[in-house]
Amino acid sequence: VWRYTPSGGSIAESDFSGGITTPMPTCNVAAAQGIVYAANTFEVGEVRAFNNTDFATGPPPSPSSTLIDEGATAVYADSANADAYVDKGNVIDVSDSTGADLYSFGSGDFGSSTGVAVMPSPEGKAYVADAENEEVDVYGTPPPRSLETSIPTGAGPTALAVDDSNGDIYVSEFLEETFSVSRFDS
């Protein structure tokens, strides 16, 4: 996993500020408050937490890490408290950065989710990319998080993000051999 610290409008190789070697192939990364989550969402499904101070220039170190969860399809870090939201395809598990389980939500609401994003705690809603039903499921404040509504997307969402500054939701979709990104106002 490489870290870049942009010094201008675009990222350049000169912005490289460190890296680490993870114990598994990494397909998904999330970070908040000095914690970096690395996830292997294609094979083992592990999510591991690393400290951002572990990153170094030169040969990347292999720092110790904390196993957060297994069976992940995606991971998201809450910018307010660094809690990890681990999408397992049919449920979202929430853990703190030490790996302690906090709560789960969404079981039975979706069958094939591909991403999760959250407005910062403590009052932020959670959004789940429900690919099977071609919608974004909206969950209320924690805990427990209850399904409030679903937003039809017209195609199976593949990933999503929330803009912390205004609550807008960005959804990546794949339809007829084309990827697109749609924005939904908060």
Side-chain angles (χ1 to χ4, degrees), residues 1 22-32 35-49 67-79 82-97 99-121 124-164 167-186:
V1 176
T22 63
M24 76 287 188
T26 300
C27 309
N28 190 219
V29 177
I35 303 297
V36 179
Y37 296 103
N40 177 355
T41 57
F42 289 123
E43 293 177 12
V44 182
E46 285 184 358
V47 175
R48 293 190 165 274
L67 178 63
I68 300 298
D69 210 336
E70 295 181 290
T73 62
V75 64
Y76 185 86
D78 187 329
S79 63
D83 287 347
Y85 284 72
V86 178
D87 185 340
K88 298 179 93 172
N90 61 358
V91 67
I92 307 298
D93 286 344
V94 183
S95 302
D96 67 17
S97 62
D101 293 333
L102 300 176
Y103 61 95
S104 297
F105 66 94
S107 180
D109 294 337
F110 47 84
S112 180
S113 57
T114 56
V116 60
V118 181
M119 279 299 291
S121 291
K125 294 183 185 234
Y127 303 90
V128 177
D130 184 350
E132 184 173 290
N133 296 310
E134 299 182 348
E135 61 193 16
V136 173
D137 295 329
V138 181
Y139 290 84
T141 58
R145 287 192 184 271
S146 299
L147 180 63
E148 290 185 347
T149 190
S150 296
I151 304 166
T153 60
T158 58
L160 50 81
V162 174
D163 184 339
D164 289 354
D168 287 354
I169 307 160
Y170 293 85
V171 180
S172 170
E173 303 170 287
F174 182 71
L175 179 64
E176 298 177 14
E177 305 298 318
T178 303
F179 281 98
S180 65
V181 176
S182 301
R183 184 187 77 190
F184 295 87
D185 295 335
S186 57

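If you read the sequence from its start, that first residue is 1, and numbering goes on from there. Just so it is clear, the values below take in all heavy atoms, side chains as well, and ignore hydrogens, waters and symmetry mates.
Considering only heavy atoms from C-beta on, R145 comes within 4.5 Å of Y103 through its side chain. Looking at heavy atoms from C-beta onward, T22 lies out of side-chain contact with R48 at the 4.5 angstrom threshold. A heavy-atom distance below 4.5 Å is found between the side chains of F105 and Y85. For the pair V36 and V29, the minimum side-chain heavy-atom distance is below 4.5 Å.
Test V171, D130, I169, D137 against I151 for side-chain contact (heavy atoms from CB on, under 4.5 Å) and you get one pass: I169.
Summarising the geometry of V75 relative to A30, their closest heavy-atom pair is O-CB, 3.9 Å, with the distance given to 0.1 Å. Considering all non-hydrogen atoms of both residues, S95 and L102 come closest at C-CD1, 3.9 Å. Pairing each heavy atom of V136 with each of T153, the nearest pair is CG2-CG2, 3.8 Å. Of all heavy-atom pairs spanning A82 and A32, the tightest one is CB-O, 3.5 Å. Here the shortest heavy-atom pairing between C27 and N40 reads SG-OD1, 3.9 Å. Looking at every heavy atom in both residues, Y139 comes nearest to L147 through CD2-N, 3.4 Å.
Between N90 atom CG and F110 atom CZ the span is 7.0 Å, to the nearest 0.5 Å. Between the CG atom in D168 and the OG atom in S182 there is a gap of 12.5 Å [rounded to 0.5 Å]. Note that CE of M119 is 13.0 Å distant from OG1 of T141, once rounded to the nearest 0.5 Å. Atoms OG and CG, on S97 and D83 in that order, are 7.5 Å from each other to the nearest 0.5 Å. Note: E46 CD to D69 CG = 10.5 Å, rounded to the nearest 0.5 Å.
No donor-acceptor pair under 3.5 Å is formed between the side chain of Y37 and the backbone N or O of A77. Although no hydrogens or angles enter the test, the distance criterion places no donor-acceptor pair under 3.5 Å between the side chain of D164 and the main chain of G167. Side-chain atoms of D87 come within 3.5 Å of backbone N or O of G115 as a donor-acceptor pair. A donor-acceptor pair under 3.5 Å links the side-chain atoms of S113 to the main chain of G89, judged by distance alone.
A donor-acceptor contact closer than 3.5 angstrom is absent between the side chains of T158 and T114.
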